[in-house]
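Below is one structure, written out as structure tokens, with a few remarks after it.
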Amino acid sequence: MIKQKVADTIDQLGPSSLRSNPLAVVFVLLAVTVIFSASQFPDDGQVGPGFFPILVSVGIVVFSFADILTETESDLEISEYSFRPPAIVLGLLVAYLLVMPVTGFLVGTMLYMPAILYYSGIKSKPLMAGLSVGLPVLLFYIFARVFLIRLPEGIIPISRLLPRLPLVVIPGWL
Amino acid sequence: MVVENIGPALANLADPFVIFLMTAGVLLGIIMGSIPGMTATMTIAVLLSFTFTMDPAHGMMLLLGIYGGAVYSGSIPAILIRTPGTPSAAATLFDGHPLSKKGEAGRAIKASTVASFVGGVISVLALMFFSPVIAGAALEFRSPEFFALAVFGLTIIASVSGDSITKGMVSGLLGMLVATVGIDPITGFHRYTFDMAKLLTGVEFIAVMIGLFGIAEGLRKYSQGIDDDTDEADQEMSGVLPSGSDLKSIMPVSVGSGVLGAFIGSIPGAGGDIAAFITYNEATRWLKDTVPAFGDGNIRGVAAAESGNNASTGGALIPTLTLGIPGDSVSAILIGALMVHDINPGPGLYQDEPELLYTIFVGFLVIYILILIFGLLGANYWARLINIPSSHIWPVILVLCVIGSIALRGNVFDAWVMLGAGLLGYAMRLRGYPLAPMVLGLILAPIAEVNLRRSLVLSGGSLDIFYTSPIALLVLLLSAAAITVPAVRSVRG
């Protein structure tokens, strides 16, 4: 009986169930890498810097295997999704962050907004123009001019051309 | 202790700027909560950056306003179009939507507003009076007890969020693993920093939270279809106040659900959704022979669920502020908001920052009064927000995610971290991993690690130290039960 259970368990850990739960496999591989590298950390006995990462990673391995063994396909909502739209949105965000050191936040956002708005199905030109110019300018004023947070200016700091705000001291802020 | 601190708190709140922040927070929360798919957690994560340069008490007023407002207004779409605006309003639709179908949506929304107010106020009073007691007791806690509490927080959230405990635990442990990046707090060794100066202080966990709750949710929304607009909500409401007979009928159940909801909310990991389901269920058990029956449009069902979910908000702050263990994912983000200002929630907070704490308590009470006023006055307007298509909102949220993470330290690196966390969160959601445990793991890892290692140093490496402390032992046993009991039940079932 126990032999049969062990055999069943090994079957469950076969290639098909691993394929159906790829994220668990990735997490196990990550955890094993961490265990290996953390065991090389300098150790002052039992509780060095590698101790906690190893402990947590062992937990990840144990619970991921338990997950692979107990998971049924019906748990997943994966079939309701299509992957093209999130890939495009993510691609736009990556492009937005990549150009930001060159264009700065203000211009970068002005370029990103029309693209994402168009992709989100907004066809009204005045709305698109209003959001693409208005939102970056509003956020620039709030963060850079009121909160005094340094936003990326880009190679040509166009944002410096925006008029300064009249100095208003808000008690409790800054 | 309570009374002497209320004076300075009131003085702090009498500032017009603070009143503006509370009002803005409540209105933003109500607006976002009224739009299906926009949760309190997401809104707070995305707007957190607006508080970075504010006084911590002022920032908390904005964030708590959003929290209370969004948990309240999630009921409006639940009642009108059978779609909860936030997960915590899921139990509201059982009776709320049948009332709407009878043409009594206005009555249901008014009852929900009053019940949310009652539940919220009860929970803030519980927070105000019980948390100093808990914090006082926790001052006696040493490393073994704090380690046990961190383990408890993680296991309990893994067991209540999502369908799979194993996935919840993996999610929480991954959060802990991410939190080990940076300088080791005890020896100063550089862990997984890859020689990058920006990683020396660790991964910015607010960037990770924005990614998990903003970007991951956005990618999910886009993959489901951004312009699948919800049903039109077209009922007009008349009058502002609920009728006397409705008030009389919902008051007892609102008070009872408020007390129970505050208790449930105070259990780490159990948020508004669980509180509302339990209080609704208890109402159906206690109130028999009601006409109409629960589920057919009983106004008391709406009140039970709505009082319960709002009561969880103050309840969730009890472990957050007294022990540093977040009560739900929103309070995990609130801990992050305080840590930006080098304030570490925990038992010491009552000695170090009493004024901040009492400003939070009294301010949260004022916030619930504002919710009552705006909820009743604006019900007709909030109902129309349901029809705003999400295609107009998500592009703006994505930009807020980016600027919010850049604003952390003024560099784009944290925006990449945020995007990476968003992609990971999206993949995890697709495979059924809940994300709330991951955020808790991020917050709890330093508490767990430092206290575990200190305990082991104190005991000379022996594990005795955990079972010779009765509190640590009890809490660790409860943690083990939190994982094993549901697991055994699911194997049997």
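Any value given below was found using the heavy atoms of this structure, including those in side chains, with hydrogens, waters and symmetry copies removed. Chain identifiers are assigned alphabetically (A, B, ...) following the order of the sequence lines, protein sequences preceding nucleic acid strands; residue numbering begins at 1 within each chain.
Taken to the nearest 0.5 Å, the CZ atom of A:Phe63 stands 4.0 Å off from the CE atom of B:Met169. Interatomic distance, A:Leu90 CG to B:Leu419 CG, rounded to the nearest 0.5 Å: 5.0 Å. Taking OG of A:Ser124 as the start and NE2 of B:His392 as the end, the distance is 7.0 Å to the nearest 0.5 Å. The structure places CG of B:Leu400 at 6.5 Å from CG of A:Leu135, a figure rounded to the nearest 0.5 Å. The distance from atom OG1 of B:Thr51 to atom CZ of A:Phe147, rounded to the nearest 0.5 Å, is 8.0 Å. With rounding to the nearest 0.5 angstrom, the CG atom of B:Leu173 is 8.5 Å from the CG atom of A:Leu55.
Highest contact tally toward chain B, considering only A:Gly50, A:Ser37, A:Ala144, A:Pro101, is held by A:Ser37 [criterion: heavy-atom pairs under 4.5 Å]. Between chain A and the options B:Asn12, B:Val18, B:Leu423, B:Leu174, the largest number of non-hydrogen pairs under 4.5 Å is found for B:Leu174. When A:Val34, A:Leu92, A:Ile88 are compared by the number of non-hydrogen pairs under 4.5 Å with chain B, A:Val34 comes out ahead. Among B:Ile403, B:Val412, B:Ile406, the residue with the largest count of heavy-atom pairs under 4.5 Å with chain A is B:Ile403. Chain B forms the most heavy-atom pairs under 4.5 Å with one residue out of A:Val62, A:Leu97, A:Val56, A:Val89, and that residue is A:Leu97.
When every heavy atom of B:Arg191 is checked against every heavy atom of A:Pro53, the shortest pair comes out as NH1-CD, 3.7 Å. Between B:Ser391 and A:Ile122, the shortest heavy-atom contact is O-CD1, 3.5 Å. The nearest pair of heavy atoms linking B:Met428 to A:Leu23 is CA-CD2, 3.7 Å. Between B:Asp184 and A:Pro49, the shortest heavy-atom contact is OD2-CB, 3.3 Å. Taking every heavy atom of both residues into account, A:Ser57 and B:Leu177 meet most closely at OG-CD1, 3.7 Å.
The closest side-chain heavy-atom distance from A:Tyr112 to B:Leu398 is below 4.5 Å. Looking at heavy atoms from C-beta onward, B:Trp394 lies out of side-chain contact with A:Ser120 at the 4.5 angstrom threshold. The shortest distance between side-chain heavy atoms of B:Thr53 and A:Leu148 does not fall below 4.5 Å.
With a 4.5 angstrom heavy-atom cutoff, A:Thr109 touches chain B only via side-chain atoms. Residue B:Ala179: no heavy atom, backbone or side chain, is found under 4.5 Å from chain A. Using a 4.5 Å cut-off between heavy atoms, B:Ile165 makes no contact with chain A at all. Looking at A:Ala38, the atoms closer than 4.5 Å to chain B (heavy atoms on both sides) sit in the backbone and in the side chain alike. Residue B:Ile183: no heavy atom, backbone or side chain, is found under 4.5 Å from chain A. B:Trp416 touches chain A through backbone and side chain together, each having a heavy atom under 4.5 Å away. Interface remark: A:Leu98 contributes backbone and side-chain atoms alike to the contact with chain B (heavy atom separation under 4.5 Å). Both the backbone and the side chain of B:Ser49 have a heavy atom closer than 4.5 Å to some heavy atom of chain A. The part of B:Leu452 that comes within reach of chain A is its side chain, from C-beta onward, which places non-hydrogen atoms under 4.5 angstrom from that chain. At a 4.5 Å heavy-atom cutoff, the contact between B:Val396 and chain A is made by backbone and side-chain atoms alike.
When the shell of 6.0 Å around NZ of A:Lys123 is examined, it contains more than 12 heavy atoms from other residues, nucleotides or ligands. Within 6.0 Å of CZ on A:Arg145 lie more than 12 heavy atoms contributed by other residues, nucleotides or ligands. Within a 6.0 Å sphere centred on CD1 of A:Ile156, heavy atoms belonging to other residues, nucleotides or ligands number 12 at most.
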key: CA sep, side-chain torsions, deciding dist, call: B:Leu430, A:Phe83, side chain to side chain contact (heavy atoms under 4.5 Å, CB included)   = CA-CA 11 Å; B:Leu430 279 186; A:Phe83 291 101; 3.2 Å; yes
task = Assess whether side chain to side chain contact (heavy atoms under 4.5 Å, CB included) is satisfied between A:Leu93 and B:Ile215, documenting all intermediate values.
result = CA-CA 10 Å; A:Leu93 280 167; B:Ile215 297 288; 3.8 Å; yes
query = Between A:Leu69 and B:Thr166, is a side chain to side chain contact (heavy atoms under 4.5 Å, CB included) present by the stated rule, with each step listed?
reply = CA-CA 10 Å; A:Leu69 290 175; B:Thr166 49; over 6 Å; no
Test side chain to side chain contact (heavy atoms under 4.5 Å, CB included) applied to B:Tyr433 and A:Asp67, step by step = CA-CA 10 Å; B:Tyr433 289 86; A:Asp67 190 38; 3.4 Å; yes
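Using bins of under 30°, 30° to 60° and over 60° for the plane-to-plane angle, the ring pair B:Tyr222/A:Tyr119 lands in the parallel bin.
Sorted by first and then second residue, the salt bridge (charged side-chain N to carboxylate O under 4.0 Å, His left out) pairs involving residues 404-424 of chain B (not counting sequence neighbours) are B:Glu204-B:Arg409, B:Arg409-B:Asp414.
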